[in-house]
Amino acid sequence: MVKRMKKSKTANKILFILAAVVFVSAAVYLAVFFYNQYAAGREYEEIPTNPTNKYEPSAYNPIDFDTLLKGNDEIYAWIKIDDTKVDYPIAQHSAEDNAFYLTHSAMDKSYLQSGAIYTEACNKKDFKDPVTLVYGHNNFGDSMFTTLHKFEDKDFFDKHEFVWIYTPKKKLTYRIISAFKYDDRHIMNTNDFSDKKNLAEFQQMILNPESDNKNVRKNIEELNENSKIMVLSTCVTGDKESRYLVCCLLVDTMKTN
C-alpha cells in the first residue's frame with residue numbers, strides 16, 4: 001500500500017511538472033505570437049510624408065522618399081490600397097537574397113518576423129516587366145498583405161478597383177482585374193514571360209482563373225504583349241500549398257514633383 005502511495009505521488013508530481021511545462025511553453029508561444037503581431041503593426045506607424053501640394057494634386061507624391069532612403073537605400077517604391085492596411089514601402093535586396101525581407105523590416109533592415117513588402121531580383125525595379133510579383137506576409141494581425149484577403153468578398157472587390165504605386169518620380173495606377181486562390185508554384189521561375197505564347201497563356205489564366213475562390217473584373221481591356229501586370233501574392237491561412245493572388249493591370253503613369 002505504501003509503495004502504491006509513493007508511486008501515485010511520484011506520478012502526480014510528474015504530471016504536475018509536465019502540465020507546468022506545457023503551460024509555460026504555451027504562455028511563451030502566445031507571448032511571442034502577440035509580440036510579433038504588435039511589432040508588425042507598430043513598425044510602419046510613423047510614415048514619412050511630404051507636405052501637401054494643393055496646386056497639383058494629381059501629381060502629388062505623398063511619400064518622403066528622401067527620409068525613407070536614409071533608413072534603407074533598398075526601398076524603391078510604395079504601395080497603397082484604399083480601405084486595407086496595405087500602405088507600405090517596397091524593397092528589393094541588393095545582394096539578391098530573395099528571402100531577406102521575409103524576416104526583415106524595410107525601414108532599417110532590422111530583424112522583424114512579419115518582414116516587409118518586397119520583390120525578388122528577377123524583377124526590375126521600374127515596373128516595366130511584363131509581370132511583376134510583389135510579396136507580403138499574411139496572418140500578422142492585419143499587417144503586411146493580410147488584408148488582401150478582403151478581395152475574397154465580391155462586394156469589396158467590386159467597389160475597390162485600384163492599387164497605387166509611388167516611386168520617387170512617378171505615380172503608377174493599377175486596376176485590379178482578378179483575385180483568387182492559386183497554388184504555391186514560383187510564378188517567375190516557372191514561366192518565361194519573354195516568350196509571347198507563355199505570357200499570353202498567363203494573361204488568360206489571370207482573366208479566367210480555375211479557382212472556386214475567385215473574383216474577376218468585368219470589361220477589362222484586352223491584354224497583349226505590351227500590358228504591364230503586377231501580381232500581389234500572400235499566403236492562405238491554414239493552407240501551406242496555396243497562395244492568394246491579387247492581379248492588377250497598369251492603366252496610368254504620371255510624373256510627380
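- Checking side-chain atoms of Asp129 against main-chain N and O of Thr132 turns up no donor-acceptor pair under 3.5 Å.
- Between the side chain of Tyr166 and the main chain of Ile63, no donor-acceptor pair closer than 3.5 Å is present.
- Classification of the Phe100-His104 ring pair by plane angle, with boundaries at 30° and 60°, yields parallel.
- The shortest distance between side-chain heavy atoms of Leu148 and Thr84 does not fall below 4.5 Å.
- Rounding to the nearest 0.5 angstrom, the gap separating the CG atom in Asn215 from the OG atom in Ser178 is 9.5 Å.
- Atom OG of Ser227 and atom CG of Leu249 lie 5.5 Å apart (nearest 0.5 Å).
- In terms of heavy-atom proximity, Lys171 sits nearest to Trp164 at CE-CD1, 3.4 Å.
- Phe145 has its side chain out of reach of Tyr244: every pair of non-hydrogen atoms, C-beta onward, lies at least 4.5 Å apart.
- Taking every heavy atom of both residues into account, Thr256 and Thr167 meet most closely at OG1-O, 4.3 Å.
- By the 4.0 Å N-to-carboxylate-O rule, Lys124 lies too far from Asp126 to be salt-bridged with it.
- A donor-acceptor pair under 3.5 Å is formed between the side chain of Arg243 and the backbone N or O of Lys240.
- A distance-only check finds no donor-acceptor pair linking the side chain of Asp73 to the backbone of Leu69 [under 3.5 Å].
- Side-chain atoms of Glu74 come within 3.5 Å of backbone N or O of Ser94 as a donor-acceptor pair.
- Panel note: side chain Lys85, backbone Asp142; no donor-acceptor pair is recorded below 3.5 Å.
- Looking at Leu207 and Ile220, their side chains come closer than 4.5 Å, going by heavy atoms from C-beta outward.
- Phe127 and Tyr76 have tilted rings, their planes meeting at an angle from 30° to 60° on a 0 to 90° scale.
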Evaluate the criterion salt bridge (Lys or Arg N to Asp or Glu O under 4.0 Å) for residue pair Arg185 and Asp183; output intermediate values, then yes/no.
CA-CA 6 Å; Arg185 78 186 74 177; Asp183 59 43; 2.5 Å; yes
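- Judged by distance alone, the side chain of Thr234 and the main-chain N or O of Gly136 form a donor-acceptor pair under 3.5 Å.
- Of the charged side-chain nitrogens involved, none lies within less than 4.0 Å of a carboxylate oxygen, so that Lys181 and Glu152 do not count as a salt-bridged pair.
- In this structure, CZ in Phe180 is found 4.0 Å from SG in Cys247, a value given to the nearest 0.5 Å.
- When all heavy atoms of Asn72 and Ala106 are compared, the pair lying nearest together is ND2-O, 2.8 Å.
- Linking ILVMFWY residues whenever their side-chain heavy atoms come closer than 4.5 Å, directly or via other members, leaves Val216 and Val163 in distinct clusters.
- Here NZ of Lys228 is found 12.0 Å from CG of Leu223. Values are rounded to the nearest 0.5 Å.
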One pair to check against side chain to side chain contact (heavy atoms under 4.5 Å, CB included): Leu245 and Ile187. What are the steps and the verdict?
CA-CA 11 Å; Leu245 307 183; Ile187 291 173; 3.8 Å; yes
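- Proximity of Asp87 to Lys80: side-chain heavy atoms (C-beta onward) are separated by under 4.5 Å at one or more points.
- The aromatic rings of Phe193 and Phe202 stand perpendicular to each other, their planes meeting at an angle above 60°, with 30° marking the opposite boundary.
- Contact of the Thr103 side chain with the Tyr111 side chain is registered, since non-hydrogen atoms from C-beta on lie closer than 4.5 Å.
- Rounding to the nearest 0.5 Å gives a distance of 11.0 Å between NZ of Lys255 and OG1 of Thr253.
- Of the possible polar contacts, one joining the Thr146 side chain to the Ser143 backbone as a donor-acceptor pair under 3.5 Å is found.
- Considering every non-hydrogen atom in both Tyr101 and His93, the closest pair reads CE1-N, 3.7 Å.
- Side-chain contact check for Thr237 and Asn138: at least one donor-acceptor pair (N or O, by modelled atom type) lies under 3.5 Å.
- Side-chain contact of His160 with Asp83: a donor-acceptor pair under 3.5 Å is present, judged by distance alone.
- Side-chain contact check for Lys154 versus Asp158: some heavy-atom pair is nearer than 4.5 Å.
- Checking side-chain atoms of Asp252 against main-chain N and O of Tyr174 turns up no donor-acceptor pair under 3.5 Å.
- Across every non-hydrogen atom of Pro89 and Met107, the tightest pair is CG-SD, 4.0 Å.
- Aromatic ring centroids of His137 and Phe140 lie under 6.0 Å apart.
- When each of Asn98, Asn123, Val231 is checked for a side chain to side chain contact (heavy atoms under 4.5 Å, CB included) with Met188, only Asn123 meets the rule.
- Between the side chain of Arg217 and the main chain of Phe157, a donor-acceptor pair closer than 3.5 Å is present.
- In the model, Asp192 has a side-chain atom that pairs as donor or acceptor with a side-chain atom of Ser194 under 3.5 Å.
- Applying the side-chain contact (heavy atoms from CB on, under 4.5 Å) rule to Asp212 yields no partners; only residues at least two apart in sequence or on another chain are considered.
- Considering only heavy atoms from C-beta on, Asn213 stays 4.5 Å or farther from Val236 through its side chain.
- By the 4.0 Å N-to-carboxylate-O rule, Lys159 lies close enough to Asp155 to be salt-bridged with it.
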Before giving the answer on side chain to side chain contact (heavy atoms under 4.5 Å, CB included), spell out for Val134 and Met230 the whole-Å C-alpha distance, their side-chain angles and the decisive distance to 0.1 Å.
CA-CA 7 Å; Val134 184; Met230 178 174 65; 3.9 Å; yes
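- Considering only residues two or more places apart in sequence or on other chains, Phe151 meets the ring-ring contact (aromatic ring centres under 6.0 Å, His included) condition with Phe156.
- A donor-acceptor pair shorter than 3.5 Å cannot be found between the side chains of Asn61 and Trp78.
- Nearest heavy atom pair, residue Ser105 against residue Leu112, reads N-CB, 3.9 Å.
- A donor-acceptor contact closer than 3.5 angstrom links the side chains of Glu120 and His186.
- In this structure the side chain of Ile75 never reaches within 4.5 angstrom of the side chain of Ile90, judged on heavy atoms.
- Leu133 contributes atom CG, which lies 9.5 Å from atom OG1 of Thr119 (distance to the nearest 0.5 angstrom).
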